[in-house]
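Everything below concerns the one structure shown next.
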There are 2 protein chains.
Amino acid sequence: MTTTTDSTYSIGDFAKAVGLTAPTLRYYEAQGLIEPHRSTNGRRYYQENDVNWVKFLLHLKGTGMSISELKQYVLWRAEGDETIPQRLALLQKVKADFLVQFNEVQHHLQILNDKINWYEEKEAGVTDDPEDFATYLKRFGHHE
Amino acid sequence: MTTTTDSTYSIGDFAKAVGLTAPTLRYYEAQGLIEPHRSTNGRRYYQENDVNWVKFLLHLKGTGMSISELKQYVLWRAEGDETIPQRLALLQKVKADFLVQFNEVQHHLQILNDKINWYEEKEAGVTDDPEDFATYLKRFGHHE
DNA sequence: GGTTGACTTAAAGTGCACTTTAAGATGTAA
DNA sequence: TTACATCTTAAAGTGCACTTTAAGTCAACC
């Protein structure tokens, strides 16, 4: 931890700032996602805008983009504004895939909720109502 | 494909019925998630209620449950109704974890959407407005 | 009756995204 | 100055959820 006020980060400090580990940052760098500067002694240092960049990468990653898709995105970005159509198309495809998954996962949640409610009702009224889960689901129009 | 109408499935037919592959079904069986019957020649066969069971497992899996959590669930299920509290607690924990992830992922989507819109606006009004993405985000109160 | 395709097992391989290890160099604090 | 934390690299290891391979058995169709 250098106590200079010039808003640069060692890899350890930067890792804390973005919520990753130093090895993960080196891994992302090896994959071409980040390119920190080096001080004269060969050590990496990161700057404030790198924080925003990594956080943005993590948002994209969180929508389902793989490391190799992120790498492609980064390569296009480095080429300049003429690759904006490619980047836009990639993000739109990521969004479309995401929305498909999102709908599926909401259905999974519905079934999970139904099962939890079914167990809770079974626990509450212990002695009667032997309705099974499949029948229970049908009462709500929740299929499969 | 046997053409008997007795609603039993070979592993291949069952795989198609539930949208998995035969090797995956054998893998799930090895993990203790399914227990098909065997015909006299040693071959697995599955029945109609196994379809519902696997589909339900896939819903739980889709909410984030790991194979080992599903296995624990299956073990408790085999013990009978006295393990309903444990099963309920597990599902409630799965749901809680799911909801945390769900909120995070919605935030990721918001940033992805903002970026797509930012690119689209940049593509539309080609020559003016050099507003950067960080500034753009702040206009909507979308942080990080 | 022969060929094709589906089944059986056990074990090894795959892909992804890290994580850990090893061995060494350097910076910081007491 | 000594000790300890942090950094460096390259390479090997991990965990999860399958997937593939190999070698063989068996059943149905022509």
Side-chain angles (χ1 to χ4, degrees), chain A residues 1-6 8-46 50 54 57-74 94 97 101 104-105 108, chain B residues 1-4 6 8-46 50 54 57-74 94 97 101 104 108:
Chain A
M1 167 93 78
T2 54
T3 322
T4 55
T5 172
D6 58 2
T8 76
Y9 298 82
S10 70
I11 193 169
D13 292 343
F14 188 68
K16 278 166 200 153
V18 298
L20 296 172
T21 67
T24 300
L25 287 170
R26 293 193 194 98
Y27 170 74
Y28 282 1
E29 184 181 340
Q31 302 310 308
L33 305 190
I34 327 170
E35 220 185 307
H37 304 276
R38 298 281 182 150
S39 54
T40 46
N41 55 36
R43 294 191 172 185
R44 293 167 178 84
Y45 69 88
Y46 302 80
D50 296 322
V54 169
L57 278 183
L58 293 178
H59 282 303
L60 293 187
K61 192 165 176 299
T63 63
M65 279 180 85
S66 65
I67 298 286
S68 73
E69 283 175 321
L70 288 170
K71 182 179 186 168
Q72 177 60 267
Y73 182 84
V74 168
V94 167
D97 292 350
Q101 290 298 311
E104 288 179 8
V105 117
H108 297 322
Chain B
M1 168 93 76
T2 52
T3 322
T4 54
D6 60 1
T8 75
Y9 298 83
S10 69
I11 193 168
D13 293 342
F14 188 68
K16 279 166 202 155
V18 297
L20 296 172
T21 66
T24 299
L25 287 170
R26 292 192 195 98
Y27 170 74
Y28 282 0
E29 183 181 341
Q31 301 310 308
L33 305 189
I34 325 169
E35 221 185 306
H37 304 274
R38 298 280 182 150
S39 56
T40 46
N41 55 33
R43 296 191 170 186
R44 292 166 180 84
Y45 67 90
Y46 301 79
D50 295 322
V54 169
L57 278 182
L58 293 178
H59 282 304
L60 292 187
K61 192 164 175 298
T63 63
M65 278 181 84
S66 65
I67 299 285
S68 74
E69 283 176 320
L70 288 170
K71 182 179 186 170
Q72 177 60 265
Y73 182 85
V74 169
V94 167
D97 292 350
Q101 291 296 311
E104 288 179 6
H108 297 321

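Since we're looking at a predicted model, the values are computed, not measured. Sequence lines set the chain letters: A, B, ... in the order given, protein chains first and strands last, and positions in each chain run from 1.
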Sugar-phosphate, base or nothing in reach of Arg44(A), heavy atoms under 4.0 Å: sugar-phosphate
Under 3.5 Å donor-acceptor pairs involving side-chain atoms of residues 57-66 of chain A, not counting sequence neighbours:
| from | atom 1 | to | atom 2 | distance (Å) |
| --- | --- | --- | --- | --- |
| His59(A) | ND1 | His108(B) | ND1 | 2.9 |
| His59(A) | NE2 | Glu144(B) | O | 2.9 |
| Thr63(A) | OG1 | Leu60(A) | O | 2.6 |
| Ser66(A) | OG | Ser68(A) | OG | 3.3 |
| Ser66(A) | OG | Glu69(A) | N | 3.2 |

dG27(C) OP1/OP2 closer than 4.0 Å to side-chain N/O of Asn41(A): yes
Derivation and outcome, salt bridge (Lys or Arg N to Asp or Glu O under 4.0 Å), residues Arg38(A) and Glu29(A): CA-CA 13 Å; Arg38(A) 298 281 182 150; Glu29(A) 184 181 340; 3.4 Å; yes
Nucleotide nearest Arg43(A) (side chain, heavy atoms from C-beta), chosen from dC7(C), dT9(C), dC7(D): dC7(D)
Given Leu20(A), Val18(A), Leu70(A), the one that forms side chain to side chain contact (heavy atoms under 4.5 Å, CB included) with Tyr28(A): Leu20(A)
Within the sub-3.5 Å range, which N or O atoms of nucleotides 14-17 of chain C have a protein N or O partner, and how far apart are they?
| from | atom 1 | to | atom 2 | distance (Å) |
| --- | --- | --- | --- | --- |
| dA17(C) | OP1 | Ile67(A) | N | 3.4 |

NZ on Lys16(A) to CD1 on Ile11(A), rounded to 0.5 Å: 12.0 Å
Phosphate OP1/OP2 of dC18(D): any Thr21(B) side-chain N/O under 4.0 Å: no
Options dC7(C), dT8(D), dT20(D), nucleotide nearest the side-chain atoms of Pro23(B): dT20(D)
Contacts of Tyr45(B) that satisfy side-chain hydrogen bond (donor to acceptor under 3.5 Å, both in side chains) - sequence neighbours left out: none
Rounded distance in Å - OH (Tyr9(A)) to P (dT6(D)): 17 Å
Residues, nucleotides or ligands: over 12 heavy atoms within 6.0 Å of Glu104(A) CD: yes
Minimum-distance nucleotide to Thr24(B) side chain [options: dT25(D), dC7(D), dC18(D)]: dC18(D)
dT9(D) OP1/OP2 closer than 4.0 Å to side-chain N/O of Arg38(A): yes
For atom NE2 of His37(B) and atom P of dC7(C), their distance in whole Å: 17 Å
Between C1' of dC18(C) and CG of Leu70(A), the distance in whole Å: 14 Å
Rounded distance (Å) that lies between atom C1' of dC18(C) and atom CD of Glu29(A): 15 Å
Geometric class of the Phe14(A)/Tyr46(A) ring pair [parallel <30°, tilted 30-60°, perpendicular >60°]: parallel
Between dT8(D) (P) and Leu25(A) (CG): distance, integer Å: 10 Å
